Enquirer: 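Below you will find the structure I want to go over with you.
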Amino acid sequence: MISIDNKLYIRDIDTYIDPFFPVERAIITHGHADHAKAGHKHVLCTPETSEIMKIRYGENCARSFQTIKYGHSVKIGRISVTLYPAAHILGSAQVLLETPKHRIVITGDYKTILDRHLDPFEVVPCDLLITEATFGLPIFKFNEPEMEIERLLDNISKHRENTFLIGAYSLGKAQRIIWLLREAGFSDDIFVHGSMDKLCDFYQSKGIRLGTLRKATLDNKKDFKGKIIVAPPSALKDRWSRRFENITRCYASGWMQVKQRAKQSQIEIPLVISDHSDWNELTNTIKQTGAQKVWITHGREDALKYWCEKNGVQAEPLSLQHRDEANEL
Amino acid sequence: MKAFSNLLSDLILTSSRNRKLSLLEQYFSSTPDPDRGYALAALTGSLNFKNIKASFFKNLIKEKQDEHLFDLSYDYVGDLAETISLLWDQEKSGNMPRLSSLFENLKKAKTDELNNYIINILNISTADQRWAFIKLFTGGLRIGVSSRLVKQALANYGNVDLDEIEKIWHGLHFPYINLFSWLENKGSKPKISIYDIFHPMMLAHPVVMEKDLAVANPKDFVAEYKWDGIRVQIVSHSEGCRLYSRTGDEVSKSFPEIIKTIQGDFVLDGELLAGINNDPKTFNDLQQRLNKKAPSEKFIKKNPCFIKIYDVLFFNGDDLRDKTLLERKKVLNSYFSTNRSPMFLSETIDFKDWRFLDKIRDISNKQIHEGVMIKSVSSPYIAGRPRGKWFKWKRNPKNVDAIIMYAQRGHGKRSSFYSDYTFGVFNKEKELVPIGKAYSGFTDEELNRLDKFVRTKTINRFGPVREVEKTLVVEIAFDEMSLSNRHKSGIALRFPRFKRIRWDKPTNEVETLEQIRKSFLD
Ligand SMILES: [Zn+2]
Ligand SMILES: [Zn+2]
């Protein structure tokens, strides 16, 4: 048996997964701030995640990085660690901890639907599945993102007098939206908030085509009619966004499934595009891994726990704090 | 139905008034008769349809979805129509019927067909369409669009004055074919007899002292008491008399003795009060009458009513609405030079400056006045709430500090937030007792913070109600405090609302029940 505790600490090998305080050894699932912190001594992650951490926190954000590609393993003590694609953002990984008799999978944040700019999610059979549940309610059922993008483009073509400000996380979501727009044939320049251009460059350097991006600065002010600006969600409400005229606020997130939430955040075009799993993806994954035990790290735990128990799977919520991202607008 | 559900989805997420107007205009111009008429009726709350109960839809979804998962989802979303629309799966494709056929089919359907008809509609629709469908047929769209805004869109569409539409509105007939044909210049303006309809009332703005009155000259205004009854419109001619409430509902049947007595050819505006011979009793006394839809003669004798008149819209066939208030008052003065019981002229208050009026408003009889009304002498009678013409100056509100005890979700756009709060103070036994409920007075930002407070400080759940840690002090403003044996605290507050949230104030500094009773009830 591998022993792991409710803070995702593996005693055997003195290693934490996604710890939110500096530790000796950490395995990092992906580069989002609620999972990747600066200041650890030794970090194990995918090559992309290490690059992202260095872009965000500086070259010296950890004393040493050890990187392994998807599907590759390292042995730490008696435990073998393998990383598998989680299809959440570039470099995001599920962690398999394995001894000959015991398999634990920590999904990190993940989605299972095909997202062609990322490696596809792989189901990793295991005894204990430690999963997220950000959208763990049956109301969350996400349509194809292409439909959402089409709706946005349709709106833009009808209202060329407006400026379309899309709130999207600087890492992952922003690039995915831009990529989806390009895939849909949108070839116009796209303007991006200053906080995300480095990350966009990084995605481009990995062969993900984002087309011509320009900084959304005031010198370009005249150009914004009928244009798309991508900015972090927090910028939608602060002074930064007031410089643009005739704004239509859009927000790309699974939360946008609930109209009342969109309305409360004054979002006029909700784009229900999520980098997390919806209800069906969560429950299917649990079934497919064959896990007899499920721990739920964060999100809407009640419903998923209930579903697990109804389906004969033991479940326990960990209620990890600092992990309930996204619902901040 | 597709177009209408798109319209609703767009409207609920649009905050700009101009964009709402253009969405509505677009809809009216691109949707054929009679569907747009059905939509117009739905949007203005004039649709005559026996609503389907929310519990009907609830039962349908519970057949498809685990009950506990439904409850958790509903608790998260807050809005029933939206919860169901998201939980239901689109099972097959099919053609959504047009709005008008949807209504007619539902109206025609026999009870045993209704179930299957509705299930089929839910099965073939998208989540947005289901949401619009459920909202539409359970009544109350609550999408942040007032009737007035819809009428403004009609006015823009037909390039006519909003006032022209307001004036004929209550005489128009569903599904508004002749209205649209007039707006599109294909037909003449619908003709409506002034006696057939309710004429929308002129309403007042609340006074914000510095802004409204500082620059105004008292000589340009008349003042009256703001009577604490119900606003009514009296429409009388040779064939009889009708009474309408402020919202245009006919209330004649509740006051047979009044409509029987009134004679003449006019439309008047006034306040209905309990009492006799121009001597008003309290609103509570009037409430007795309002509760009875068809009062007996004996009951009427025991609870008589009369009307204080303050304005006239039509007199002997003349439309006086474009005349000044001064001119209209002259007509009233001469009419009321003889006894017209049960109608009496509402007296004006002589005043020289605002300060004097300010005093009157606070010392006037608390039981029957709510404060004073101030009206520009030159104001025509304009339907709605025109700026700078009429003001209501209520008595100064009073404040208490209290502690949040329970919270519940709000409605409409607030339905996913805990926005209804029960608050209380300590009694002699050091026991926290509720003294009221408030739903308003906070900003969206404060609501976000309050909501977070509730979610993290819940100590108990009773159905939809959450009991929270008793740590948060709020300053509550209210209009009046009265004794009440319905509440454990023994007091009741009139129109309580949040004034400030005292995030830092310790609960032991809150005044006790005894202290606040002493300061407000003696
Ligand atoms: Zn993440
Ligand atoms: Zn996360």
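Being a predicted model, the structure only gives us computed values, none of them experimental. In what follows, every chain begins at residue 1, and chains take the letters A, B, ... in the order their sequences are listed. Below, each value reflects all heavy atoms present in this structure, side chains not excepted, and no hydrogens, waters or symmetry copies.
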Enquirer: Do side-chain atoms of A/Gln260 reach the backbone of B/Asp79 as a donor and acceptor pair under 3.5 angstrom?
Expert: no
Enquirer: Decide side chain to side chain contact (heavy atoms under 4.5 Å, CB included) for A/Gln264 and B/Asp444; before the verdict, give the C-alpha distance in whole Å, the side-chain angles of both, and the deciding distance to 0.1 Å.
Expert: CA-CA 8 Å; A/Gln264 188 65 32; B/Asp444 281 356; 3.6 Å; yes
Enquirer: How long is the gap from CG on B/Leu86 to NZ on A/Lys259, to the nearest 0.5 Å?
Expert: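 It comes to 7.5 Å.
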Enquirer: In terms of heavy-atom contacts, does CD of A/Glu150 have more than 12 from other residues, nucleotides or ligands at under 6.0 Å?
Expert: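 No - once you tally the heavy atoms of other residues, nucleotides and ligands closer than 6.0 Å, there are 12 at most.
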Enquirer: For B/Ser9, is it the side chain, the backbone, both, or neither that has a heavy atom closer than 4.5 Å to a heavy atom of chain A?
Expert: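 For B/Ser9, heavy atoms of backbone and side chain both lie under 4.5 Å from chain A.
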Enquirer: With A/Trp295, which residues qualify under ring-ring contact (aromatic ring centres under 6.0 Å, His included), at least two apart?
Expert: none
Enquirer: In Å and rounded to the nearest 0.5 Å, what is the CG to CD distance from B/Asp10 to A/Glu268?
Expert: 9.5 Å
Enquirer: Output the option from A/Ala303, A/Pro138, A/Ala262 having the highest count of non-hydrogen pairs under 4.5 Å with chain B.
Expert: A/Pro138
Enquirer: Looking at B/Lys2, I'd like to know if its NZ atom is crowded, meaning that more than 12 non-hydrogen atoms belonging to other residues, nucleotides or ligands lie closer than 6.0 Å.
Expert: no
Enquirer: Is there a donor-acceptor contact under 3.5 Å from the side chain of A/Lys263 to the main chain of B/Ile12?
Expert: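 Yes; at least one donor-acceptor contact below 3.5 Å.
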Enquirer: For the CG atom of B/Asn448 and the OG atom of A/Ser265, what is their distance to the nearest 0.5 Å?
Expert: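 One finds 7.5 Å between CG of B/Asn448 and OG of A/Ser265.
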Enquirer: Kindly check if the number of other-residue, nucleotide or ligand heavy atoms within 6.0 Å of CG (B/Asn95) is above 12?
Expert: no
Enquirer: Counting heavy atoms not belonging to A/Glu144, are there more than 12 under 6.0 Å from its CD?
Expert: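 No - once you tally the heavy atoms of other residues, nucleotides and ligands closer than 6.0 Å, there are 12 at most.
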Enquirer: What residues of residues 58-72 of chain B make heavy-atom contacts with chain A at a cutoff under 4.5 angstrom?
Expert: B/Gln65, B/Asp66, B/His68, B/Leu69, B/Leu72
Enquirer: In terms of heavy-atom contacts, does CG of B/Asn159 have more than 12 from other residues, nucleotides or ligands at under 6.0 Å?
Expert: no
Enquirer: Does A/Glu161, at its CD atom, have more than 12 non-hydrogen atoms belonging to other residues, nucleotides or ligands within less than 6.0 Å?
Expert: yes
Enquirer: How many angstroms lie between atom CD1 of A/Ile139 and atom OG of B/Ser85, to the nearest 0.5 angstrom?
Expert: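 If I round to the nearest 0.5 Å, the distance is 9.5 Å.
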Enquirer: Atom CG in B/Asp89, atom CG in A/Asn280: separation rounded to 0.5 Å?
Expert: 7.5 Å
Enquirer: At a heavy-atom separation under 4.5 Å, does B/Trp88 approach chain A through its side chain, its backbone, both, or neither?
Expert: backbone
Enquirer: So A/Asn246 and B/Arg19, do their side chains get closer than 4.5 Å, heavy atoms only?
Expert: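 Yes, side chains in contact.
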